[in-house]
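Here is the structure we will look at, set down as structure tokens.
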Amino acid sequence: MGTMKLIAATHNPNKAREIKRILKYRYEILTLEEAGITESIPEPWDTLEENAYQKSSVIYSITNANCFGEDTGLEVTALDGRPGVKTARYAGENATAEMNLAKLLDALKDKDDRDARFRTIISLIVNGEEYRFEGVCEGKISKEKSGENGFGYDPVFIPNGSEKTFAEMGDSEKDKFSHRRKALEKMGSFLEKFEFH
Ligand code: IMP
């Protein structure tokens with residue numbers, strides 16, 4: 001039995017790095033770059049589920065290969081679940097992570113309730129069928145940013161069960177808590193029942 005090849009439908013090098021380190025023992029993961037795909041994939045929808053499916057279905061239509069897309073949102077309780085599906089564009093269409101973070105800390109500056117969760121949805125297409133997996137990490141938004149590792153909102157997100165932000169953790173410590181790791185593991189277990197040659 002050969003190693004199954006899967007295309008990860010992301011252009012985000014940070015996500016690709018996490019995906020590879022979590023799945024590398026079981027699957028051969030190709031990023032879009034490695035698969036020679038340069039198309040940018042729009043995320044036009046109002047839910048993580050639809051955006052994840054957009055990514056997998058666009059890549060499947062180009063390659064006809066087994067692939068998955070993932071979409072992640074940060075859902076903050078005191079902001080009624082925002083930024084949610086708009087997490088990447090919270091401070092505007094071309095916002096940097098720095099700008100998004102600053103906007104989030106500002107929106108929460110008078111709030112005692114710091115509860116938040118990261119939610120990842122994976123849309124997997126295997127043998128032409130679609131399957132979805134969810135990973136959630138509950139936690140809190142810190143008062144200030146702290147730490148240099150990771151990406152995006154990592155400097156302000158403290159997962160429940162830790163005192164550190166994701167950005168203060170090493171890779172394996174983040175993976176222990178992370179939404180993306182949980183969704184990827186569910187997909188990995190599901191795929192074990194398929195045989196690929
Ligand atoms: P998208 O899934 O590519 O739409 O990205 C959603 C947004 O969430 C981006 O701004 C990312 O930087 C951010 N994000 C996604 N995953 C993580 C994470 O694990 N830590 C911190 N920020 C993340």
Side-chain angles (χ1 to χ4, degrees), residues 8-23 31-33 39-59 67-76 79 81-105 107-108 114 116-124 132-142 144-160 162 164-185 187:
T10 182
H11 287 296
N12 180 332
N14 295 299
K15 282 188 180 180
R17 210 169 65 83
E18 289 194 1
I19 290 166
K20 284 194 174 203
R21 79 172 180 242
I22 291 164
L23 292 180
T31 63
L32 291 181
E33 233 167 32
E39 271 87 344
S40 68
I41 312 170
E43 298 181 18
W45 306 105
D46 291 333
T47 64
L48 300 175
E49 284 80 359
E50 288 167 296
N51 282 333
Y53 178 59
Q54 173 91 7
K55 296 177 196 183
S56 62
S57 58
V58 166
I59 297 312
C67 61
F68 66 95
E70 69 98 277
D71 204 41
T72 296
L74 178 63
E75 301 171 343
V76 180
L79 303 177
R82 288 188 306 277
V85 73
K86 298 227 161 60
T87 297
R89 292 156 281 148
Y90 186 41
E93 217 34 63
N94 297 309
T96 60
E98 202 58 36
M99 291 155 72
N100 285 332
L101 271 186
K103 179 165 175 176
L104 180 65
L105 290 180
L108 291 177
R114 315 291 297 188
R117 66 214 289 255
F118 270 116
R119 198 159 68 87
T120 291
I121 299 291
I122 290 178
S123 163
L124 166 74
R132 291 186 189 167
F133 307 91
E134 181 181 62
V136 174
C137 177
E138 302 279 353
K140 297 205 178 319
I141 304 300
S142 58
E144 307 173 345
K145 57 185 182 160
S146 182
E148 304 294 328
N149 302 329
F151 68 101
Y153 295 78
D154 280 349
V156 297
F157 187 84
I158 303 173
N160 288 351
S162 177
K164 296 185 201 168
T165 67
F166 271 157
E168 294 174 305
M169 297 180 180
D171 292 349
S172 59
E173 199 177 1
K174 176 177 176 182
D175 291 345
K176 218 162 60 191
F177 295 101
S178 107
H179 43 296
R180 184 165 297 100
R181 196 268 304 157
K182 290 175 187 166
L184 288 167
E185 297 254 305
M187 178 177 80

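Just follow the structure's listing: the first ligand is 1, and inside any ligand the first atom is 1.
- Between Phe166 and Phe157, the angle of the ring planes lies from 30° to 60°, which puts this pair in the tilted group.
- Across Glu70, Lys15, His11, heavy-atom proximity to atom 5 (O) of ligand 1 is greatest for Lys15.
- Checking Arg181, Arg180, Lys182 one by one against Glu18, the salt bridge (Lys or Arg N to Asp or Glu O under 4.0 Å) holds for a single residue, Arg180.
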Before you tell me yes or no, could you show the steps for Ile22 and Glu185 under side-chain contact (heavy atoms from CB on, under 4.5 Å), namely the whole-Å CA-CA distance, both residues' side-chain angles and the distance that decides it to 0.1 Å?
CA-CA 8 Å; Ile22 291 164; Glu185 297 254 305; 4.3 Å; yes

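- Screening Lys20, Arg17, Arg21 against Asp175 for a salt bridge (Lys or Arg N to Asp or Glu O under 4.0 Å) leaves a single residue, Arg21.
- Annotation: side chain of Ile19 is not in contact with side chain of Thr31 (no heavy-atom distance under 4.5 Å).
- Under the 4.0 angstrom criterion for non-hydrogen atoms, Leu74 is not in contact with ligand 1.
- By the 4.0 Å N-to-carboxylate-O rule, Glu49 lies too far from Arg132 to be salt-bridged with it.
- Lys145 NZ: 12 or fewer foreign heavy atoms inside a 6.0 Å radius.
- The protein heavy-atom contact nearest to atom 6 (C) of ligand 1 is Thr72 O, 3.2 Å.
- Closest to atom 9 (C) of ligand 1 by heavy atom, among Ala97, Ala88, Ala91, Gly150, is Ala88.
- Residue contact check for ligand 1: Phe151 places a non-hydrogen atom closer than 4.0 Å to it.
- Contact between Phe118 and ligand 1 is present, with at least one heavy atom of the residue lying under 4.0 Å from the ligand.
- Closest to atom 16 (N) of ligand 1, if we only count protein heavy atoms, is Arg180 NH2, 2.7 Å.
- Among the atoms of Asn100, none of the N or O lies under 3.5 angstrom from an N or O of ligand 1.
- The atoms of ligand 1 that sit less than 4.0 Å from any heavy atom of Glu43 are 3 (O), 4 (O).
- For a threshold of 3.5 Å applied to N or O pairs, the pair formed by Glu18 and ligand 1 contains no separation below that value.
- The minimum heavy-atom distance linking Lys55 with Gly69 is given by the pair CB-CA, 3.9 Å.
- Interface of Asp71 with ligand 1, defined as ligand atoms under 4.0 Å from a residue heavy atom, comprises 1 (P), 2 (O), 4 (O).
- Within the 4.5 Å cutoff, no side-chain heavy atoms of Lys103 are placed close to those of Pro83.
- Given atom 20 (N) of ligand 1, the protein heavy atom at minimum distance is Asp154 OD1, 2.5 Å.
- The nearest pair of heavy atoms linking Leu48 to Thr72 is CD2-C, 3.7 Å.
- The closest protein non-hydrogen atom to atom 22 (N) of ligand 1 is Tyr153 N, 3.0 Å.
- Considering only non-hydrogen atoms, atom 8 (O) of ligand 1 lies nearest to Thr87 out of Leu101, Thr10, Val85, Thr87.
- Close contacts of ligand 1 with Lys174, meaning ligand atoms under 4.0 Å from a residue heavy atom, involve 18 (C), 19 (O), 20 (N).
- For the pair Arg114/Leu108, a side-chain contact is recorded, criterion being any heavy-atom separation below 4.5 Å from C-beta on.
- By the 3.5 Å distance cut-off applied to N or O atoms, His179 is counted among the residues near ligand 1.
- Counting only heavy atoms of the protein, atom 12 (O) of ligand 1 lies nearest to Gly152 CA, 3.4 Å.
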